[in-house]
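Reading through the structure tokens given below for one structure.
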Amino acid sequence: MQRQLRAWMPQIALLPSLILMTVTVYGFIGFSVLLSLTGSKMMPNFGKWVGFLQYERVWANPRWEVAVQNFAIFATLYIGASLLVGLVLAILLDQRIRAEGVLRTVYLYPMALSFIVTGVAWQWILSPDLGLERAMHIWGWENFRFDWIKSDKMAIYCVVIAGVWQASGFVMATFLAALRGINPEIISAAKIDGAGGLSVYRFVVLPALRPAFLTAIVVQGHLAIKSYDLVVALTKGGPGYATELPSTFMYAFTFTRNEMAMGAASAVMMLALVSALIVPYLYSELRHAR
Amino acid sequence: MATLEFSHVGKSFGSVDVLKDIDFSIGDGEFLVLVGPSGCGKSTLLGIIAGLGSLTTGSVLIDGQPINHLEPKERDIAMVFQSYALYPSMTVADNIAFSLRMQGMPKAARMEKVRDVAELLQISHLLDRKPQALSGGQRQRVAMGRALVRNPKVFLFDEPLSNLDAKLRVDMRTEIKKLHARLGTTIVYVTHDQVEAMTMATRIAVMKDGIVQQFGTPDEIYQRPANTFVATFMGSPSMNLLPGVADDGGVTLADGQRLPIPGRGDVLVGLRPEWFTPLPRGDQPEGAMLATVEVIEPTGPDIYVGLRLGGAEVMTRLPAGTDIRTGELRAFAVNADKAVLFDAETGVAL
Amino acid sequence: MLADGVSCRGVAAHLRRALLIGVLVIAALMYLVPLAAMLFTSLKSMPEITGMAGFESNTILTPPRAPTLAAWGEAWSRACISVECTGLRGYFGTTIPMVTCAVAISVSIGAVNGYVLSKWRFRYDTVIYGLMLFGCFIPFQIVLIPIARVLGLMHLSGTMAGLVFVHVAYGITFTTLFFRNFYVTVPDEIVSAARMDGAGFWSIFLLILVPVSGPIAIVAVIWQFTSIWNDFLFGASFGGANARPLMVALNNLVNTSTGTKAYNVDMAGAMIAALPTMVVYVVAGRYFVRGLMAGAVKG
């Protein structure tokens with residue numbers, strides 16, 4: 001009996017987490033999926049099944065349309081810009097800079113901040129009356145205009161700016177670590193073979209950063225889909241619902257507009273999007289894991 | 001102090017057999033070396049003895065008792081690992097004493113045993129250090145100390161010398177052999193190095209593809225290899241295999257020369273490099289073989305001389321200072337009594 | 001000729017170096033702008049901020065001419081959050097125990113999980129690990145509604161215990177990942193050696209692996225601390241009025257619409273709320289990045 005217990009100890013130790021995960025991740029996903037097929041309003045109501053009606057209603061809603069458009073803009077620019085900024089900073093920082101430690105901390109510190117704090121700061125900087133625009137006017141650029149945050153069309157780009165500012169340091173750290181992991185002998189070999197500075201990067205360094213690119217895209221991609229706090233703190237989805245994202249749409253419909261099933265349907269679509277990104281990544285990672 | 005027996009041991013992962021019908025036994029106090037190329041299953045077999053891996057069929061017996069169902073700690077076996085596997089957070093003394101601590105031995109008694117073992121291995125001055133502050137050779141000694149302190153029935157060694165530099169490897173080899181002579185404990189030792197196998201073992205099991213190709217004393221393995229794999233794997237330079245056709249009178253080689261070894265059909269003649277002796281120039285008695293000298297490699301005590309003989313390349317080992325020149329045609333006396341004939345098709349000794 | 005060529009190249013190298021440093025420093029300044037704006041504004045009085053008489057040349061990036069800690073005091077103990085006007089002070093007292101509990105529990109469980117998933121083999125272990133990993137990436141929107149229901153059923157709605165539960169449930173996926181990736185780098189032979197030495201499952205974990213887990217424990221603790229401290233979604237959704245974490249309180253403070261907007265108090269509040277994580281990053285950030293990268297980036 002005791003021998004049996006000992007033999008099963010690894011599984012027993014894992015069991016509580018396994019149960020917790022099964023319930024809180026997969027059970028809850030199941031709950032939301034089922035909920036999205038019902039007519040629930042304020043409270044979950046599994047008595048009334050409506051099929052995919054809620055999905056149709058979500059897609060018919062102009063706010064969702066804006067949210068999806070915004071998400072496309074936001075995700076593309078946020079991932080693209082933070083990768084670019086992060087990569088450039090990492091390559092520059094990798095040139096044996098004396099103050100590397102300090103600079104790295106500066107680039108990284110936004111990661112320590114809550115989006116709520118970041119939102120407060122950026123709201124302030126982006127405000128035309130008190131922020132950057134006013135500063136520029138006082139410094140002599142009378143014609144400087146920077147009022148994106150008040151514009152229906154441009155406000156989403158403000159969210160991008162704040163997001164990139166916050167996340168690019170992390171991407172930089174990812175790339176820097178990968179750069180440091182490249183065997184210096186390979187670079188020496190390439191130089192002996194006649195490759196100049198730029199071709200070393202093109203043919204040796206960048207290919208070696210492939211795993212880091214993948215990691216960065218996956219991490220930033222899922223953060224983009226999760227982004228909720230940033231929009232709430234920066235624009236509250238406004239002006240109007242000009243900076244609506246799927247995450248804020250879900251929250252608004254579930255908790256303030258009493259359209260719980262519609263909220264669940266939008267959440268299911270967010271999950272589907274994340275899964276399309278994550279599942280192939282996890283599969284390829286785990287296939288080689290053992 | 002124990003006998004060790006493998007009874008039809010087999011292991012498979014799905015449809016892949018990694019061990020097939022391992023079936024032999026060794027007596028008390030023997031030094032068994034499992035030798036073979038990487039992937040031959042020798043480490044898997046060691047893991048099965050240790051209880052770290054399971055077997056699919058058959059059983060392993062220590063002193064006649066099956067141990068399959070026992071956990072590693074219940075088998076009274078100690079093991080020295082290839083990477084030494086020292087516990088990084090513990091001092092040398094704590095590393096050595098860990099198994100005693102797990103047995104619940106009081107601290108004072110533990111420390112006394114540790115001191116004895118440390119003295120035996122000459123590592124008394126290292127007892128307060130952490131593993132990362134030790135050299136490779138010192139780590140090796142600590143790993144052995146950890147095994148010795150338990151005074152187990154069987155010692156297992158998993159390629160313990162492969163991470164040491166060449167000189168240290170030879171020293172430690174001697175030391176392990178001395179230790180075995182002194183303690184008399186049964187040892188199972190895994191290596192891919194045939195020199196280690198030959199120098200240390202009282203019994204060798206040569207393995208390939210999960211099968212024991214030959215089990216025997218070092219001398220048997222060297223003199224009478226069971227097949228061409230064992231013949232070429234054991235010994236350096238390896239045994240020469242000359243193709244030929246045999247009849248009752250001897251073997252006719254590809255170039256028409258004959259060796260007086262009776263046999264039948266297509267064969268490979270196995271000749272060790274040291275079984276060749278050059279004859280004085282111009283001398284060519286009956287039974288001598290004519291060969292062209294192609295390459296000469298001095299190694300210090302010996303010179304390796306590459307010949308073209310019987311349509312094949314042949315490596316010989318001659319004493320240093322032998323009068324021989326590249327390019328010359330020379331007659332050699334061959335020790336045909338010792339030669340081993342293999343079936344040309346199956347590679348099995350005839 | 002030769003000497004000229006060398007010195008020419010030397011000058012070019014110096015110029016390139018200067019350009020490189022220049023770009024890096026400008027980038028650093030841009031990263032610091034929001035922090036500077038926050039800090040400066042928090043130290044100013046409202047008349048200075050709005051550029052009233054005497055302060056016409058004030059901008060967000062002008063250092064305070066008459067620095068005052070009044071706004072910090074206001075945010076700390078007097079600012080209004082919902083209906084209570086007692087500042088952020090009280091929220092530290094309730095948020096710190098909640099975060100501490102959630103971090104301690106999720107890191108401990110993650111360590112055990114990582115140990116099991118890296119050092120023991122059993123059927124479906126990779127599948128289980130994959131399922132856990134996926135849990136790191138789910139958008140929390142998909143679980144918000146069921147969490148609310150389950151917390152209600154457990155009578156944990158609107159309590160700090162409820163928040164601890166939620167943060168543990170969705171934190172152990174990350175801590176498991178960290179510890180698993182770290183323990184994979186500890187040679188399996190060490191575990192085998194310990195098994196042969198007679199150590200059992202828990203002895204191996206506590207005596208062999210835990211003592212070497214320092215680097216990854218730092219990563220896991222910092223990660224969990226920052227993400228739970230900075231969490232807004234769970235706090236806002238499940239904290240209610242009785243268990244409001246600091247970040248939710250800050251958001252309320254900033255968005256309180258009574259009276260004129262006190263930007264200096266908002267900024268001071270944001271600084272106060274951000275201080276603990278900032279301190280942790282500046283002090284231990286080095287170890288964090290090092291440890292995180294060792295686990296996160298392969299190849």
Side-chain angles (χ1 to χ4, degrees), chain A residues 6 9-11 13-14 17-18 20-21 24-25 28-29 31-32 35 44 89 92 95 97 103 105-110 112-114 116-117 120-122 124-125 131 134-135 138 173-174 177-178 211-212 215 222 225-226 228-229 233 247 250 254 260 264 267 270-271 274 278 282 286 289-290, chain C residues 20 23-24 27-28 31-32 34 37-38 41 57 59-61 109 112-113 116 120 122 126 128 130-135 137-147 149 169 172 200-201 226 230 232-233 247 250-251 254 263 266 270 273-274 277-278 280-282 285 289 293 296-299:
Chain A
R6 252 180 294 155
M9 196 44 99
Q11 287 94 321
L14 197 60
S17 308
L18 203 57
L20 192 62
M21 175 192 78
T24 58
V25 176
F28 285 6
I29 288 174
F31 185 102
S32 291
L35 193 64
L89 287 179
L92 294 183
Q95 313 292 324
I97 303 295
L103 289 168
T105 310
V106 170
Y107 299 150
L108 257 179
Y109 88 91
L113 300 183
S114 159
I116 302 299
V117 171
V120 172
W122 281 101
W124 179 232
I125 292 169
R134 179 189 145 92
I138 286 172
T174 310
T215 306
H222 106 277
I225 298 168
K226 274 182 174 177
Y228 169 77
D229 306 3
S247 54
M250 183 272 165
T254 306
M260 188 170 267
M270 290 170 66
L271 179 73
V274 177
I278 298 295
L282 287 186
L286 290 175
R290 287 220 159 150
Chain C
L20 176 72
V23 171
L24 284 170
Y31 277 90
L32 285 172
M38 267 193 337
T41 306
S57 65
T59 70
I60 48 166
L61 288 172
I109 296 179
V112 174
N113 291 348
V116 172
W120 298 86
F122 44 89
T126 310
I128 290 174
L131 289 173
M132 282 207 170
L133 222 50
F134 182 74
F137 294 104
I138 56 165
F140 290 135
Q141 283 74 20
I142 193 78
V143 291
L144 280 183
I145 303 168
I147 295 175
R149 290 290 287 172
I172 53 175
F201 177 85
T226 40
N230 290 340
F232 176 74
L233 183 61
M247 278 309 150
L250 172 69
N251 193 54
V254 173
Y263 294 106
D266 290 359
T277 46
M278 293 265 287
V280 166
Y281 250 68
V282 171
V289 173
M293 292 315 134
V297 188
K298 288 171 204 153

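When reading the values below, keep in mind they use all heavy atoms of this one structure, side chains included, and skip hydrogens, waters and symmetry mates. Note on naming: letters A, B, ... go to the chains in the order of the sequence lines (proteins, then strands), and numbering restarts at 1 for each one.
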Are the side chains of [Y] and [X] in contact, using a 4.5 Å heavy-atom criterion?
X	Y	value
P139(C)	M250(A)	no
L233(C)	D229(A)	yes
I138(C)	I29(A)	yes
V117(A)	M247(C)	yes

If you tally heavy-atom pairs under 4.5 Å between each of A28(C), A27(C), A274(C) and chain A, the highest tally belongs to A28(C)
Greatest number of non-hydrogen atom pairs under 4.5 angstrom with chain A, of T41(C), L32(C), L131(C), falls to L131(C)
Could you tell me which portion of [X] (side chain, backbone, both or neither) has an atom closer than 4.5 angstrom to a non-hydrogen atom of chain A?
X	result
F201(C)	side chain
I172(C)	side chain
V112(C)	side chain
F137(C)	both

query = Hey, what's the ring geometry for Y107(A) with Y31(C), parallel, tilted or perpendicular (30° and 60° as the breaks)?
reply = tilted
Heaviest contributor of heavy-atom pairs below 4.5 Å to chain C, chosen from L103(A), L35(A), V106(A), is V106(A)
One should read off an interatomic distance between L14(A) CG and N113(C) CG, to the nearest 0.5 angstrom, of 5.0 Å
Bottom line for P10(A): the part with an atom under 4.5 Å from chain C's heavy atoms is both
